[in-house]
Amino acid sequence: MRISTPSQPLPPARTGVLTGFDPGTRTLPAGFQIAPPFRALPVDIVLEKDVAVRLRDGVTIHVDVFRPAGSEPVPVIVAWSPYGKGQGTSASVMGVFGMVGLSNQVVSGLAKFEGPDPAYWCAQGYAICNPDVRGVVDSEGDSVLWDRQEGRDCHDLIEWLAGQPWCTGKVGMSGTSYLAAAQWFTAAEQPPHLAAINPWEGVSDVYRDLVRRGGMPDTGFAGLLQHGSFFGRNGKEDILAEAEQHPLMDELWAEKIPAFDRITVPAYIVASYSNTLHTAGTFRGWRRIASAEKWLRVHNTQEWPDYYDPANVEDLRRFFDHFLKGADNGWQQTPRVRYSVLDLRGGDETNVAASTFPPENFLPQRYFLCSRTRTLTPTAPSEAAEAEYSVDGNPSAVSFIVRFDTETVLVGYPKAHLFVEARDADDMDLFVLVQKLDAHGTPLSAFTVPNRGAMAHDVTDHGASILRYKGSDGRLRVSARHLDPDLSTEDVPAHTFDRVEKLSPGQIVEVEIDLLPVGLRFAAGEQLRFVVSSSNLLGPMMPGVAPYRGANSGRHVIHTGGSTPSYLQLPVRTPVRAERWVRLDGEGTDGTIDGFELFSARRALALLKGKLGRERILALLAEEIEAGDTYLRDAVTQSAGAELTGTTVLRANGITAAAFGGWLARAFGREDVLLAGHPEHYSIHQAPGRDVNIVETLGEYVCSFYMRPWASASASNVRSSHIVLADGTVVGSVSTAFSDAADGLVAELSVTLPSTCSSLVSQHLEHFAVEFRTWILRAGAELEG
């Protein structure tokens, strides 16, 4: 369904020192400087230029590889994009750096635009691969734009790189914008040697992020991307023609959404609140990928200064050192989320640690629109009212304000839930904006780039929203209001965009609009303004992009109060409550009482299980077991062979590995001991000549599975067993390893399940912790006796 248009050769402004086709290997010595504005190389670097790589369909692409001099194999980082691999010294790239106020001396000129700099990474023991992708510059084929085809192509490149004699077999990916989006598609193809990815702000759904955000045909930046890149000798994808001929979500656009549930590789994701092109896609990727090991950092600037900031480069190196080199450098202790809170007056807070996004202490709170007072109120007005504007009027917007009496912090996903009507029209393009005002009502904004000169003010007054943050925005064409029940959450509504539902005269419809994630602090007395308009209040996202003009006419009416309680939902920090506790007199913790409860619970469960007996327990749980079997079989099918492994480690005192291992082997013949290991063990039984049947809770499901005989790895203390359903479906495996440590033992307990079962893996590790702790304590007591 793709549409192609002829490409053109790379123009002079996009041509760099290394653009010319010149295959061969050469060494760039330490101190080498490719051009005066750029930094010199700190080490000798071997450049393999214009190396031919053949893809699975026979197309040949060309890559430049920069690697440290020497014979020691190194991991490699791929920078995948349609920007010429020799473009780093071009006038266009230097002009972009100048626009944002970033010195060209922060890179060596060998870096691909928006990609990792070989000067730094080769000095740290990494290679960098800069490809000219399919259809670009001298590579064969027709280029595509953010497509699963790119994922397949990059899969093939990664596997080729892993087989090179200079490579350790470990491959990573890094880069911003296009280079970030390409990583979603590649990781979803699951190349075996891809060890980690680093998407640093990028779209993750071409329809929703690039050509039809909110269902509107706003293709200004898509045109800039199509006409300003993908230069080559053959054809390139005509995304503009596709957007016109395919206005609804269909198979074409589905190929431009990565299979998030197949992305299981470790990921370090970087986002911002302020990039109106990338923010929604980056947070979507963070939410939806299946990786058990994923980290999110939300910064407070713009992607290019953030990406090349030395402190952030070092942070990224720690991530890659851990996953590409196996370094035990403490990366796993890095908070899973580090977010920013913007102040817009110079007092931003950055790298705030959390385990989730939104952080757990930020809860959705509704602020209801009141058309009579033009305020946002904590309760819905009892009387219905209307606020309206004329599309051709001045202003063509209405707004609502709340003043905060105490400091209020927002971190998370805002959304608008509105009751709207179009008078004299059958459709509406709605734009919404959450804006911060100071105590005097003055709108606040902040530049996200170092350049804050006169020209920066000029281009950001009515556009260039990626360079200057003015608030969190959202948009929706009302005829595209149909919600996707599978993708929508309470915080983030998502629309199917697969149908058009026009409005009839007098019809009031209910719509939900997602706004970009927010991190904003309001001091006491400051105000929040919520604006609804028929035009984009932020203007085009990039300098030089024509503004979008919606097909609006007539009057837009926002209904509030009564039976039409429109509201703005905001993620508000909740007060920290005072700690409450009850302890025994003289005790420092409540652990003793917990012990009383645990003993009593175990005794009660043992009594009930003994009275009921195995057969009655299994009969009672028959429906739950059937549902668990169905879930696991479906998970095996959906994962298509892809698996996730998790490991929990316990340290025990006063017992050796051999003593516990021997006790555990004998305990597998004692059903009472095995049942007592965990409260959610319902049956553990081995009939003569049969595998052990275990019925227990896994996540939300009661599962009945069989353990194949344990197998030991040669020259290892690891024992493993497959997990099999009654019909023979293999759903995963478990393994154990017990080794001696000072004064005791270390137990390493691992489970492997289908890749769609990420939450199940995490919960099973908790299950391991409970049951093996119980067994180790019992083994110690019995062995002493």
Does the structure place the NZ or CZ of K436 under 6.0 Å from the centre of the six-membered ring of Y469, at an angle of no more than 45° from the ring's axis?
no
Can you find a side-chain donor-acceptor pair between [X] and [Y] that sits under 3.5 Å?
{"X": "Y273", "Y": "N300", "answer": "no"}
{"X": "Q302", "Y": "S272", "answer": "no"}
{"X": "H440", "Y": "E526", "answer": "no"}
{"X": "T301", "Y": "T448", "answer": "no"}
{"X": "S399", "Y": "R529", "answer": "yes"}
{"X": "R287", "Y": "Y413", "answer": "yes"}
{"X": "T496", "Y": "D484", "answer": "no"}

Does any part of the side chain of [Y], heavy atoms only, come nearer than 4.5 Å to the side chain of [X], both counted from C-beta?
{"X": "F530", "Y": "R374", "result": "no"}
{"X": "L433", "Y": "L538", "result": "yes"}
{"X": "V100", "Y": "L467", "result": "yes"}
{"X": "T282", "Y": "I269", "result": "yes"}
{"X": "K415", "Y": "D491", "result": "no"}
{"X": "V270", "Y": "H299", "result": "yes"}

Test side-chain contact (heavy atoms from CB on, under 4.5 Å) applied to V107 and F97, step by step
CA-CA 11 Å; V107 291; F97 273 41; 4.1 Å; yes
Should the ring pair W200 and Y268 be called parallel, tilted or perpendicular, given that the plane angle runs from 0 to 90° and is split at 30 and 60?
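Tilted, since the angle between the ring planes falls between 30° and 60°.
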How are the rings of F320 and W121 set to each other: parallel, tilted or perpendicular (split at 30° and 60°)?
perpendicular
Considering only residues two or more places apart or on different chains, which pairs with a residue in [range] satisfy salt bridge (Lys or Arg N to Asp or Glu O under 4.0 Å)?
{"range": "residues 263-285", "value": "D209-R284"}
{"range": "residues 398-411", "value": "E407-R521, E407-R573"}
{"range": "residues 449-458", "value": "none"}

Would you say the ring centers of Y367 and F400 fall short of 6.0 Å from each other?
no
Can you tell me if [X] uses its side chain to pair, donor with acceptor, with the backbone of [Y] under 3.5 Å?
{"X": "T279", "Y": "T276", "value": "no"}
{"X": "T560", "Y": "S371", "value": "yes"}
{"X": "K256", "Y": "L145", "value": "yes"}
{"X": "S533", "Y": "S535", "value": "yes"}

In this structure, OG1 of T460 is separated from CE of M455 (nearest 0.5 Å) by 11.5 Å
If you apply the rule side-chain contact (heavy atoms from CB on, under 4.5 Å), what do you find for V532 with Y389, and how did you get there?
CA-CA 10 Å; V532 184; Y389 55 84; 4.3 Å; yes
For [X], check side chain to side chain contact (heavy atoms under 4.5 Å, CB included) against everything at least two apart and list the hits.
{"X": "S81", "value": "Y83, K112, Y178, L179"}
{"X": "S177", "value": "E114, H278, E303"}
{"X": "M249", "value": "D205, Y207, R208, W253, I257, F497"}
{"X": "H322", "value": "N329, W331, Q332"}

With Y567 via ring-ring contact (aromatic ring centres under 6.0 Å, His included) - residues at least two apart
F368, H417
Not counting sequence neighbours, which residues clear ring-ring contact (aromatic ring centres under 6.0 Å, His included) with Y548? List them please.
none
Output yes when R477 and D218 qualify as a salt bridge under the 4.0 Å nitrogen-oxygen rule, no when they do not.
no
Just checking H457: does its NE2 atom have more than 12 heavy atoms from other residues, nucleotides or ligands closer to it than 6.0 angstrom?
yes
Identify, with sequence neighbours excluded, every residue that meets salt bridge (Lys or Arg N to Asp or Glu O under 4.0 Å) alongside [X].
{"X": "D514", "result": "none"}
{"X": "R468", "result": "D461"}
{"X": "R317", "result": "E314, D321"}

I would like to know whether L418 and E510 meet side-chain contact (heavy atoms from CB on, under 4.5 Å); could you show each step before the answer?
CA-CA 6 Å; L418 305 177; E510 196 171 356; over 6 Å; no
Could you walk me through whether M216 and R475 satisfy the side-chain contact (heavy atoms from CB on, under 4.5 Å) test, starting with their C-alpha distance in whole Å, then the side-chain angles of each, then the deciding distance to 0.1 Å, before giving a yes or no?
CA-CA 8 Å; M216 301 176 193; R475 62 172 71 178; 3.7 Å; yes
